Amino acid sequence: MSRTVNGSAHTSGPVLAAYRYCETVTGHEARNFAYGIRLLPTAKRQAMSALYAFSRRVDDIGDGDLAPAEKAERLDATRQLLTRVRSGEVREDDTDPVAVALADAARVFPIPLEGLDELIDGVLMDVRGETYETWDDLAVYCRCVAGAIGRLSLGVFGTVNGHDHARAAEYADTLGLALQLTNILRDVREDAGNGRTYLPAQDLAKFGCAAGFHSDTAPPGSDFAGLVEFEVRRARSLFATGYRLLPMLDRRSGACVAAMAGIYRRLLDRIAADPDAVLRGRVSLPGHQKAYVAVRGLAGLDARRTARSPREDT
């Protein structure tokens, strides 16, 4: 038997062990994500770790060294596992701790598990080597691999004070797009080395960067700084819309989202200040800045600022 949302019931040993495994995976593999979810109460933190561990499994298949056909087979097997979770076929003594934890989390919280199907769809786009002509094309991919995670997370967080869940899901999706576009800018050189191009071909051509990014300097004759400034403006607009989610959440869930999003927003600021840095190596935030972001989130500063901002959609 597992606990209620408030953690009042007993959680069995196998389920606790499964959650501990997922929390270990999260702590080792996703420092920015782990920074945010540590602000959550136990039940929500465990559920978010289960979501992360499953998502990590999907991402690792896509990023691995297997042939595309083998990756597709493994992703299909992962989708079948998700179907078992969704249909309640995963028992507490199952040998897969991620499946056990995810199944328990889905019993405790109204998690829209179809979002994990979208994640698998997005990773299949990577496996097929898809490229994106326009922002609208890229946004489809971003919604699969990041917007879906925002909507899944909202299933754990819930909304407060009568806020419309559907509108909150739109904001969570948009915030996911902001985070993913920031990731794409940060990893532009690394992705090029892996044969991947995510930025829209239309944008690359506009700024003379169609040749790609295969060294620590921009393509000759290109306006790389202009390209980065263009994409940063787009990401900042997405952040501004996505941050409207914060006043819709309880204090600790809002702190979690503010911490994770705040880390990426400040990462975006660093990229904007020195665009060429992303060609020289991975841009990151030092630990003390992450701690500052977490404190701001816990204090509710970003949520209060968002609540005071004019709203374009009301």
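Everything quoted here is computed from the prediction, not taken from an experiment.
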So does R56 pair up with D60, basic N to acidic O under 4.0 Å?
-> yes
Using the side-chain contact (heavy atoms from CB on, under 4.5 Å) rule, pick out the option among I37, L119, I111 that qualifies with L51.
-> I111
Return the set of residues passing salt bridge (Lys or Arg N to Asp or Glu O under 4.0 Å) with E130 (not counting sequence neighbours), or none when no residue passes.
-> R128
same_hphob_cluster(V140, L204) at 4.5 Å side-chain heavy-atom cutoff | yes
For the residue pair L249 and V257, establish whether any side-chain heavy-atom pair is separated by less than 4.5 Å.
-> yes
Close side-chain approach of D274 and V283, heavy atoms under 4.5 Å | no
State which residues pass side chain to side chain contact (heavy atoms under 4.5 Å, CB included) with N194; sequence neighbours excluded, sorted by chain then number.
-> E190
How close do A101 and Y19 get, heavy atom to heavy atom, and via which atoms?
-> O-OH, 3.4 Å
Closest non-hydrogen contact found for C142 with I184 is SG-CD1, 4.2 Å
Restricting to pairs with a member in residues 144-158, which pass side chain to side chain donor-acceptor pair (under 3.5 Å), not counting sequence neighbours?
-> E118-R151, R151-D173
Taking the side chain from R252 and the backbone from L40, do they hold a donor-acceptor pair closer than 3.5 Å?
-> yes
What heavy-atom pair brings T174 and L238 nearest, and what distance separates the two atoms?
-> CG2-O, 3.4 Å
Apply ring-ring contact (aromatic ring centres under 6.0 Å, His included) to Y198 and list each qualifying residue two or more places apart in sequence or on a separate chain.
-> Y141
Can you measure from CG (D191) to CZ (R186) and round to the nearest 0.5 angstrom?
-> 9.0 Å
Could I get the full list of ring-ring contact (aromatic ring centres under 6.0 Å, His included) partners for Y21, not counting sequence neighbours?
-> none
Can you tell me how far the CD atom of E114 sits from the CD1 atom of I120, to the nearest 0.5 Å?
-> 12.5 Å
Euclidean distance, E229 CD relative to R236 CZ, rounded to 0.5 Å | 9.0 Å
Are any of the side-chain heavy atoms of L113 and V85 separated by less than 4.5 Å?
-> yes
Residue pair V228 / V232, side-chain heavy-atom distance below 4.5 Å = yes
Is there side-chain contact between L154 and H165, with at least one heavy-atom pair below 4.5 Å?
-> yes
Does R270 reach the main-chain N or O of S284 with its side chain, forming a donor-acceptor pair under 3.5 Å?
-> yes
Nearest heavy-atom contact between L246 and G254 is CD2-O, 3.7 Å
Distance-minimising heavy-atom pair for D121 and R79 | OD1-NH2, 2.9 Å
Under the side chain to side chain donor-acceptor pair (under 3.5 Å) rule, collect the residues that match up with S215, sequence neighbours excluded.
-> T217
Considering residues at least two apart in sequence or located in another chain, which fulfil the side chain to side chain contact (heavy atoms under 4.5 Å, CB included) criterion with H214?
-> A192
Who are the side chain to side chain contact (heavy atoms under 4.5 Å, CB included) partners of D76, not counting sequence neighbours?
-> Q80
Side-chain donor-acceptor pairs under 3.5 Å in residues 63-73, sequence neighbours left out?
residue	atom	partner	partner atom	Å
D63	OD1	R196	NH1	3.0
K71	NZ	G62	O	2.9
K71	NZ	G64	O	2.9

Output, in order, the C-alpha distance, side-chain angles, deciding distance and verdict of side-chain contact (heavy atoms from CB on, under 4.5 Å) for Y243 and Y171.
-> CA-CA 7 Å; Y243 261 60; Y171 292 152; over 6 Å; no
Mind checking whether C22 and F54 have side chains closer than 4.5 Å, heavy atoms only?
-> no
Decide side-chain contact (heavy atoms from CB on, under 4.5 Å) for R20 and V25; before the verdict, give the C-alpha distance in whole Å, the side-chain angles of both, and the deciding distance to 0.1 Å.
-> CA-CA 9 Å; R20 282 195 295 269; V25 170; over 6 Å; no
Close side-chain approach of L82 and L102, heavy atoms under 4.5 Å = yes
Aromatic Y52 / basic R57 pairing, under 6.0 angstrom, 45° off normal | no
D216: salt bridge (Lys or Arg N to Asp or Glu O under 4.0 Å) partners, not counting sequence neighbours | none
Under 6.0 Å from the six-membered ring centre of F109 and within 45° of its axis: does the NZ or CZ of K44 meet both?
-> no
Taking all heavy atoms of V58 and all of T78, pick out the closest pair and write down the distance.
-> CG2-CG2, 3.9 Å
Close side-chain approach of H163 and L245, heavy atoms under 4.5 Å | no
Side chain to side chain contact (heavy atoms under 4.5 Å, CB included) against T134, all qualifying residues, sequence neighbours excluded = D136, D137, Q202
Can you list every pair that meets ring pair (Phe, Tyr, Trp, His ring centres under 6.0 Å) and has a residue in residues 265-286, with sequence neighbours left out?
-> none
